[in-house]
Each structure stands twice: as C-alpha cells, then as structure tokens.
Amino acid sequence: MSSTAWIITGSVLVATAIGGVVLYRHRKKSLDTFFNQVYMQSKQIPKKKKNGFLLLMFKESVLSSKKKGKAKGDMTSFTNKLQNPKYLNVQLVQMSSILRDRSKVKDKKMKRALALYDSYFQWEKKQQAAAEKEK
C-alpha cells in the first residue's frame, strides 16, 4: 500500500473515533437534561404513585420520540394527557402492574421505557451520592 492510502485510512479512522465521542457526549448530555426534567416533575407526585408515574413518563417520552414532527424532550403532549384523570388512573394501574411483573412485557417501546426507568434510578443514585459527597 502506498503512503497516501495509509494516510486516508488513518484519517477516516480518526474522524470516525472523533464522531463517536461527539455523539456519545451529546447523547449523555441530552439524557442528563431529560432526567433533570423528570426529577423536577416527580417531586410533585405522591411517593405511593411515583414509580408508576415515572414509568408512564418514560413510556410517553418514548412514544413521542418516535412521532415525526415532535421536538425531542417535549413534554407538552404528556401534560395535556395528565389533565384527564380517568386516563391517568388507568395508566398508573397498568404501569404498576408492569413494574410488578416485567416478564409479560412484549412491546419494544415498553421495554425501552423500562430501560429508561432503570437508567433513571441509576442516575438518581449517582446524583444523591454526589450530593452526599458535597456535604
């Protein structure tokens, strides 16, 4: 191989690595921002319904991220659904039953919501540990 081919190959590999790092940092930053929003909204929820409500929030955010034309992280459609108490109660019952038995979940979107739910609690533990460390 000529030296030009080696230079081109090296340049492509370096550009790919830099692109991967930039993408990773962007995703991490946007997820952190989203988790901060969820944390602020979850303070208003009674502790008894918190877990079901969090899963409902993650489910709605996964659904809204799949719809075209919606801004990522836009919670307006979700807050509009919260105005209907019947919808909210039915969804909270469904979410709490899913949390009790995760094995019956077959939907990809719900599995993604459960993954976000688990990631959120890991994030929350890290935030609490950092707060404890600062004290």
Side-chain angles (χ1 to χ4, degrees):
M1 281 177 92
S2 67
S3 61
T4 334
W6 282 106
I7 291 172
I8 292 172
T9 305
S11 300
V12 168
L13 289 175
V14 168
T16 303
I18 290 172
V21 168
V22 168
L23 180 64
Y24 172 76
R25 292 184 79 184
H26 174 69
R27 281 186 164 179
K28 185 177 179 184
K29 185 178 177 181
S30 64
L31 192 61
D32 191 46
T33 304
F34 176 64
F35 283 162
N36 279 326
Q37 289 176 346
V38 169
Y39 181 73
M40 291 302 167
Q41 287 186 348
S42 70
K43 285 182 177 180
Q44 301 170 1
I45 307 304
K47 293 214 184 253
K48 195 174 192 182
K49 295 182 179 184
K50 181 181 177 183
N51 293 334
F53 186 76
L54 287 173
L55 185 58
L56 176 61
M57 287 177 66
F58 292 130
K59 176 188 167 200
E60 290 296 326
S61 67
V62 168
L63 290 175
S64 70
S65 71
K66 299 296 180 184
K67 294 179 184 174
K68 295 181 180 176
K70 292 273 185 186
K72 289 185 179 177
D74 184 22
M75 298 295 281
T76 56
S77 65
F78 177 66
T79 53
N80 290 339
K81 290 181 180 180
L82 286 181
Q83 303 303 320
N84 185 352
K86 227 180 218 184
Y87 171 80
L88 184 61
N89 286 334
V90 169
Q91 289 297 317
L92 287 176
V93 168
Q94 183 182 9
M95 295 303 127
S96 62
S97 70
I98 287 172
L99 286 172
R100 274 187 245 117
D101 185 18
R102 292 182 177 207
S103 64
K104 59 185 172 184
V105 175
K106 304 287 188 232
D107 186 22
K108 283 175 74 175
K109 292 175 185 171
M110 197 64 213
K111 287 182 181 180
R112 177 68 181 137
L114 284 169
L116 276 172
Y117 177 82
D118 294 336
S119 297
Y120 172 76
F121 278 107
Q122 290 175 356
W123 174 84
E124 193 174 297
K125 285 180 185 177
K126 286 180 185 176
Q127 295 297 320
Q128 289 174 352
E132 291 287 325
K133 200 173 192 180
E134 289 179 5
K135 288 183 180 180

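If you take CG on Leu63 and CZ on Arg112, they are separated by 12.5 Å, rounding to the nearest 0.5 Å. Here CZ of Arg25 is found 13.0 Å from OG of Ser30. Values are rounded to the nearest 0.5 Å. Atom NZ of Lys126 sits about 10.0 Å away from atom CG of Asp32, to the nearest 0.5 Å. Separation of atoms CD (Glu60) and CG (Leu55) is listed at 10.5 Å; rounding is to 0.5 Å. Atom OG of Ser3 is separated from atom CD1 of Ile8 by 9.5 Å, given to the nearest 0.5 angstrom. One distance of note links NZ of Lys111 with NZ of Lys108; it measures 9.5 Å at 0.5 Å rounding.
Under the 4.5 Å side-chain heavy-atom criterion for grouping Ile, Leu, Val, Met, Phe, Trp and Tyr, Leu13 is not connected to Tyr24 through any hydrophobic cluster. Using a 4.5 Å cut-off between side-chain heavy atoms of Ile, Leu, Val, Met, Phe, Trp and Tyr, with links allowed through other members, Val90 and Ile45 fall into different hydrophobic clusters. In this structure, Met40 is a member of the same hydrophobic cluster as Phe121, with clusters built from ILVMFWY side-chain heavy atoms closer than 4.5 Å. Val93 and Val105 are not part of a single hydrophobic cluster, where members link through side-chain heavy atoms under 4.5 Å apart. When hydrophobic clusters are built by joining Ile, Leu, Val, Met, Phe, Trp and Tyr residues whose side-chain heavy atoms come closer than 4.5 Å, directly or via intermediates, Val14 is not grouped with Leu23.
You'll find the side chain of Leu114 reaches within 4.5 Å of the side chain of Leu99, heavy atoms only. By the 4.5 Å heavy-atom criterion applied to side chains, Phe58 and Asp118 are not counted as neighbours. At least one side-chain heavy atom of Val38 sits under 4.5 Å from a side-chain heavy atom of Phe34. A heavy-atom distance below 4.5 Å is found between the side chains of Met110 and Lys59. Side-chain contact check for Arg102 versus Tyr117: some heavy-atom pair is nearer than 4.5 Å. No side-chain heavy atom of Lys49 sits under 4.5 Å from any side-chain heavy atom of Leu56.
The aromatic rings of Trp123 and Phe35 sit tilted, their planes meeting at an angle between 30° and 60°.
More than 12 heavy-atom neighbours from other residues, nucleotides or ligands sit within 6.0 angstrom of NZ on Lys50.
Ser103 and Lys106 get closest at one heavy-atom pair: O-NZ, 3.6 Å. Nearest heavy-atom pair, Ser42 versus Leu54, reported as atom, atom and distance to 0.1 Å: CB-CD2, 3.8 Å.
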Query raised in the report: Can you list the steps and then say if Gln41 with Gln37 is a side chain to side chain contact (heavy atoms under 4.5 Å, CB included)?
Result: CA-CA 6 Å; Gln41 287 186 348; Gln37 289 176 346; 5.7 Å; no
